[in-house]
Engineer: 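Supplied in structure tokens, the structure appears directly below.
In this text the structure is predicted, and so the values were computed from the model without any measurement. Note that these values count all heavy atoms, side chains included, but never hydrogens, waters or copies made by symmetry.
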Amino acid sequence: MSLNIMNTNVSTLFGTGNNQNNSSLDMSNVLSEYASIKNGSFARLAKQYYSDGKKPSKDISGKFSDETNTTIKENKSMISDAGSLRSAISALSSDDKLFTEKIKKKDENGKETETLDYDKIYKKVSKFVDSYNAMIKSGGDSDDTTVLRNTLNMTKTTQRSMSMLQDAGFTINADNTLSIDEDDLKAGDMQSLKSLFGTSSVYSKSIDAFATNIASQSAQNVYSLGGYNSDGAYKQALNGIYNTTV
């Protein structure tokens, strides 16, 4: 039974309401998990969660049923969505000078001024928004409880960061997706944007950890359904998810 996160009121599900005290994140567990992902220990444990090694039976032609093929395809799509989201986060958080370094630009009158590279910032932020929304949609349509839980936690984290996101120019839509307007970004608070996506950001690390969990669970689902040709292919998929060697 899937849960449509796109139409779920996050404040009702998690009791965030309008209490501004909830805007500060208590993410110690998430950050601990994030650290384990980065040092590889989480990856080495991932295969222990694979159930009993049984795979679905194939028909006489050696092919899976349409339902199994659809489920494999959906899980592989979620792995891809999670990877795109993590890449977008990395592009923002790994660029230390993105939110502070100024470039010289000429206005329509030819006058040269120094300004932040808003075109570059907007391009990277837009990629994050697009990949975040894709992850929320595919995760919300999943039947897997682990995927659903991490997708809900993702929207919860975003909801709790609403004030800072709005200050930076973001809008949290009624379906829990994000949107960003270039003019709103330019008029927004750059310090808030840096706090959300800078190298020490709690928000971006939390979203990254949830996306990694979704990708890991989806890979286990593909493996349990026989969607990888070999254990080596599954291992390679995990290596790609955790950016390390299992």
Engineer: Does N221 have any side chain to side chain donor-acceptor pair (under 3.5 Å) partners at least two apart in sequence or in another chain, and if so, which?
Structural biologist: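 Side chain to side chain donor-acceptor pair (under 3.5 Å) check on N221 returns N75, D144, Q217.
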
Engineer: Can S218 and V222 be said to form a side-chain contact (heavy atoms from CB on, under 4.5 Å), step by step?
Structural biologist: CA-CA 6 Å; S218 298; V222 172; 5.6 Å; no

Engineer: Does either side chain, that of S138 or that of D81, offer a donor lying less than 3.5 Å from an acceptor on the other one?
Structural biologist: yes

Engineer: Could you pull out all residues at least two apart from K104 that satisfy side chain to side chain contact (heavy atoms under 4.5 Å, CB included)?
Structural biologist: E112, E114

Engineer: Are the side chain of S216 and the backbone of T212 linked by a donor-acceptor contact shorter than 3.5 Å?
Structural biologist: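 Pair absent, no side-chain N/O of S216 close to backbone of T212.
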
Engineer: Which heavy atom of A237 sits nearest a heavy atom of Y228, and at what distance?
Structural biologist: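 Answer, listing the atom of A237 first, then Y228: CB-OH, 3.5 Å.
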
Engineer: Roughly how far, to the nearest 0.5 Å, is CZ of R86 from OH of Y242?
Structural biologist: 9.0 Å

Engineer: Side-chain donor-acceptor pairs under 3.5 Å in residues 121-129, sequence neighbours left out?
Structural biologist:
unit_1	atom_1	unit_2	atom_2	d
K124	NZ	A91	O	3.1
K124	NZ	D95	OD2	3.3
S126	OG	Y122	O	2.8

Engineer: Under the side chain to side chain contact (heavy atoms under 4.5 Å, CB included) test, which residues partner D130, sequence neighbours left out?
Structural biologist: none

Engineer: Are F99 and L92 side-chain neighbours, meaning at least one heavy-atom pair lies under 4.5 Å?
Structural biologist: yes

Engineer: Once side chain to side chain contact (heavy atoms under 4.5 Å, CB included) is applied, do any residues pair with S179, and if so which ones, sequence neighbours excluded?
Structural biologist: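 Side chain to side chain contact (heavy atoms under 4.5 Å, CB included) list for S179, sorted by chain: T171, N173.
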
Engineer: Could you pull out all residues at least two apart from T158 that satisfy side chain to side chain donor-acceptor pair (under 3.5 Å)?
Structural biologist: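 Scan of T158 (side chain to side chain donor-acceptor pair (under 3.5 Å), adjacent residues dropped) gives Y132, Y203.
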
Engineer: Measure the spacing between CG of D117 and CD of E101 and express it to the nearest 0.5 Å.
Structural biologist: 8.5 Å

Engineer: When you measure from the side chain of S161 to the backbone N and O of M164, does any donor-acceptor pair fall under 3.5 Å?
Structural biologist: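 Not at all, since once roles are kept as given, no pair shorter than 3.5 Å links the two residues.
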
Engineer: Over all heavy atoms of both residues, which pair between A215 and I79 is shortest? Give the atoms and the distance, please.
Structural biologist: O-CG1, 3.7 Å

Engineer: Are any side-chain N or O atoms of S142 and backbone N or O atoms of G139, one a donor and one an acceptor, separated by less than 3.5 Å?
Structural biologist: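 No, the answer is negative, given that no donor and acceptor are paired below the 3.5 Å cut-off.
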
Engineer: Quick check for you: to the nearest 0.5 Å, what is the distance between S201 atom OG and I89 atom CD1?
Structural biologist: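 Reported to 0.5 Å precision, the distance equals 8.5 Å.
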
Engineer: Calculate, to the nearest 0.5 Å, the distance between atoms CZ and CG belonging to R149 and N213 respectively.
Structural biologist: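 Reported value, rounded in 0.5 Å steps: 8.5 Å.
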
Engineer: Restricting to pairs with a member in residues 65-74, which pass salt bridge (charged side-chain N to carboxylate O under 4.0 Å, His left out), not counting sequence neighbours?
Structural biologist: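 Every pair satisfying salt bridge (charged side-chain N to carboxylate O under 4.0 Å, His left out) with a residue in residues 65-74: there are none.
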
Engineer: Between CG of L85 and CD1 of I136, what distance do you get to the nearest 0.5 Å?
Structural biologist: 8.5 Å

Engineer: Drop me the distance from I241's CD1 to Q220's CD, to the nearest 0.5 angstrom.
Structural biologist: 8.5 Å

Engineer: So, does T157 use its side chain to make a donor-acceptor pair with the main chain of N153 at under 3.5 Å?
Structural biologist: yes

Engineer: side-chain contact (heavy atoms from CB on, under 4.5 Å) for M135 and I207? Distances and angles first, verdict last.
Structural biologist: CA-CA 11 Å; M135 184 77 271; I207 299 299; over 6 Å; no

Engineer: Taking side chain as C-beta onward, heavy atoms only, is K102 less than 4.5 Å from L116?
Structural biologist: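 K102 reaches L116 side chain to side chain.
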
Engineer: Report, one line per pair, each donor and acceptor closer than 3.5 Å where one atom sits in a side chain of residues 181-199; sequence neighbours left out.
Structural biologist:
unit_1	atom_1	unit_2	atom_2	d
D181	OD2	D183	N	3.0
D181	OD2	D184	N	3.2
D189	OD1	Q191	N	3.3
D189	OD2	S192	N	3.4
D189	OD2	S192	OG	2.7
S195	OG	Q191	O	3.0

Engineer: Please confirm whether the backbone N or O of S204 pairs with a side-chain atom of D208, one donor and one acceptor, at under 3.5 Å?
Structural biologist: no

Engineer: Applying ring pair (Phe, Tyr, Trp, His ring centres under 6.0 Å) as the test, list every pair that has at least one member in residues 154-176; sequence neighbours left out.
Structural biologist: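 Not a single pair qualifies under ring pair (Phe, Tyr, Trp, His ring centres under 6.0 Å).
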
Engineer: Report the C-alpha distance between T151 and M78 in whole Å, list the side-chain angles of each, state the deciding distance to 0.1 Å, and finish with yes or no for side-chain contact (heavy atoms from CB on, under 4.5 Å).
Structural biologist: CA-CA 11 Å; T151 307; M78 280 191 288; over 6 Å; no

